[in-house]
Amino acid sequence: MTGFVKCCRLFSIVLLLWLIACSPNKRKGEPLQPWSERLIELRNLHQSKIKEIDLGKIRQEIRNDYPWHEHAIIDRINKKALNEWFAGKGDSLMLDHVLQSMLNKKEAWASFFEDEFLGIEQKDERSKLVLIEKIARFQEALKIFNAICFEGLEKAILDIESRFPNKYDGKKYKTRIEGLKDEQKQIIEKFPSSGYKVIDTIIGFNNKFVTLQKEALLSNPLINEASLVFVTREQYAADHHNSATLFHTDEINTEKYAPGGSMKVIDLKRGGKITTLIKSTEGVVRDPEISYDGKKIIFAMRNSIDEDYHIYEMDIDGNNMKQLTAAKGVADIDPQYLPNGDIVFTSTREPKYCMCNVHIMGNIFKMEADGANITQLGKSTLFEGHSTVMPDGRILYDRWEYVDRNFGDAQGLWTMNPDGTNQAIYFGNNTNSPGGFIDARPIPGTDKVISVMGSCHDRPWGALGIINRKRGVDGQSAVEKTWPAAAIDLVGKGGWDTFKQVRPYYEDPFPLNDTYFLCSRSLDASLQMGIFLIDTFGNEVLIHTEKPGCYDPIIIGPHKKEREVKEKRNYKSQSGRFYVQDVYQGTHMKGVKRGTVKYLRVVESVEKRSWTVPAWNGQGVHRPAMNWHSFECKKILGTVPVHEDGSAYVEVPSDKYVFFQLLDENKMMVQSMRSGTMVHSGEVAGCIGCHDDRRMAPPSSFAQVPEALTLPPAKLDGWLGDPRNFGFMKEVQPVFDRHCVKCHDFGKKAGKKLLLSADRNPYFNAAYIDMHMKKVIAPVGAGPSEIQQAYSWGSHPSKMIKMIKNGHAGVKLSREEMERLTTWIDLNAVYYPDFISAYPDNPVGRSPISQNDLNRLGQLTQVDFNTLRGHRRGLGPQISFERPEKSPCLANIKNKNSKEYKEALAILAKGKEELENIPRLDMDGFIPSSTDQIRLDKYIYRQKEEKKSREAIREGKKHYDEGVNVVNR
């Protein structure tokens, strides 16, 4: 019965939506048809086109035009059942099930509708739909009525009175509250005998409460004489990740750009008078911020789909607008003023891509007040956004990045100095849910921040939460309050998309003080957003809304500058220095005895500079295929000693996104950092220990200078040669070729247990696939968000290493050979040394034969190669391009003289020939595809522009984006 209920309700919504989208009877400005008529008409009009229906778009249009129906019914409708009804496979009995379900709750109000239900003719669909609407409307009104709580409003009134005794008259509101309490009591007493008509009384009462609440809270002196700037625009289209709002030119999701928007001011002192500062039909305005003197607005704007976002500044009245950035093929968003007059913002000026997909990412950059000398501050491998300034002068921002961990729960809050130095985690780096803490702002007069708590695969919205870092740097204990209140129970529960279930949606928080906040919030279940005033007492009051939606509310006026942090960088592109005071200090070092750690290895996580369309499915989407589980490629910069007291001091190239590993005397990993950091030119950065609390002070044992700091910093010398991107075929496979393949090969007894041959297949090579499938190695893959214990993954727990150490088959590896194997596993068992490709259009971006060839080979050999495009594959290596006749898939063709066998062998031989002519990335002689080369050329050009800015800074000169008007600057 529940399924039928869901079915009917959902179909109703969908039908309605389609009519709105497609029906010629519905024109802009005309009143909507009655709900029931629209549903039936919609089904009749489009019954034959069921396969063409985009249910998502239909539901969205229902949300926009009939929001209360969506809110009341959507959760009860099943998509499949809706499709069936829409296609004419269902009948009016389905509506009976919906109605029966709605009335079977045995609530007091159910009897209000029984006679009407029993009096409906069996085939009278329209009357049944009308009754469904009637009941749903009643349920919605009753739900609101039952949720009304006077306590929160009373607390807010008392709080405002105490803060502003001479400016706020709370007495008149208290009197009205008492009157409403009496009215509420009377409604409750008379409810059982009132009948359906009580809905009018309930709706009237609900409206009275909302009116009183709005008057009482918007009379708060913090807001009642203020002017707010805000923007209107369409909600960003749903896309891959909450950072995917750029819809960048010439990238994967450009066509999702939704034009039309404005920047406006609402003057609450003048009764909510609206003034339009900017309006565009083809452009979008976003991310406004107010200057410290309250006289200027900085913002991002895009004028059309054919250009990207740039940063602009104008007077508070909309005059004297000037463009500060103009780089072609670059998107600049999220500008923020700094206390010294500079401006930080997020930009795609170092073009890199999401490792677990193909969307372009952004880092934080800084420029001078006039747009000159733009230079990069952050180098994390994915996305950095929503910069704001903390009272101590540091920049607070959200960062999406991962090293040896999953994509979905790797977005937390970070800090850095305004010059990019001293990058450190602030909160949420190891919290599994929510998937992202984003768009945080400091709360005035406190050490707390308010942040959006959202999901990985969602828009940049979700719940709001107050975070008290004194309680911890991760997890629920540090979250003091959430909007909605129930969202706090989801922190740490579920996964990276758990917060997608939160309703309503919140974004763009702006604190007025420690109790009252502005934000954007959704209206009912529609995507339209309004500007709300919310408080810690549970009140939420709509200030203003208009279509298509309102965002980024900010108070206009002067505000105090934060502390100004002095510059530490020298902009000479020299190296920097890292130190660790004691590697044994901190968490997750259980079982590690002092003296165990002998070396500190420095590894660079290399950014993704290109992508392919065909994908390999690891624990996420690899475009192209990279590794079995993890998304990255690695470069070992070198290894330095750890002193007896646990200290280390190392010189590291600047502008490299690096992480550290602790090694024992055999250079096997004891513990690994699963996030990244960097130093700028001339910077010295350090930590107390490995996985330290970040809030703790050094132990008293650090009264003496650590041994490492009494010496010059150790130099990095690469790994078995110069630093290079790590590739399995070059660094590891030769060890197996020398010692193992004579037994562990195709067609041999040991090969059936474990295949270690070098033969390439469409994805990786035979040895790599078989070792992962048979779990003889123990990488963490795209591991969990939580910090892992020492020795829990890597070479130490790997079966293969234990077998070799135990003398398997008399195999004796040299020290270097063993180090090659253990280092590979400790680097999370990577395969390809880069994200670039020679075959961007072929399967997984790596196969020398086309998809058609692979499909045909599958038909001939009865092997479904499409199911082998991921780490959950059930078959071992099936193809050898080097030795086509050895390919296991051929064994399925019994007659070796058949035309099927010869055709299959010819396809495999074609792959061998292609690899000889166009070497793959795991071969000598590789050349990037033309598509990759274009992206690499853009990257190189942008790096040259970065270098010009740094030179200008050092020489006291100015370097601007080409296209910026520099006259009178």
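Source: prediction; values computed, not measured. Sequential numbering from 1 along the given sequence is applied to the chain's residues.
The cationic group of Arg883 does not satisfy the cation-pi geometry with Phe746, failing either the under 6.0 Å distance to the six-membered ring centre or the 45° limit from the ring axis.
Neither side chain, Glu607 nor Thr381, offers a donor N or O lying under 3.5 Å from an acceptor on the other. Side-chain atoms of Asp474 and Thr431 include a donor-acceptor pair closer than 3.5 Å.
Using cut-offs of 30° and 60° on the angle between ring planes, the pair Trp628 and Trp616 is tilted. In this pair, Tyr402 and Phe631 present their aromatic rings tilted. The plane angle is within the 30 to 60° band. Between Tyr832 and Phe764, the ring planes are tilted. Angles from 30° to 60° get that label.
Proximity of the aromatic rings of Phe728 and Tyr831 is defined here by a centroid distance below 6.0 angstrom, and this criterion is met. Residues Phe660 and Phe578 bring their aromatic ring centres within 6.0 Å.
Tyr791 is not listed as a side-chain neighbour of Met668, based on a closest heavy-atom distance of 4.5 Å or more.
Remark: side-chain polar atoms of Asp932 are not paired, donor with acceptor, to backbone N or O of Ser610 under 3.5 angstrom.
Lys715 NZ: 12 or fewer foreign heavy atoms inside a 6.0 Å radius. Annotation for Lys742: atom NZ counts as buried by contact number, over 12 foreign heavy atoms lying within 6.0 Å.
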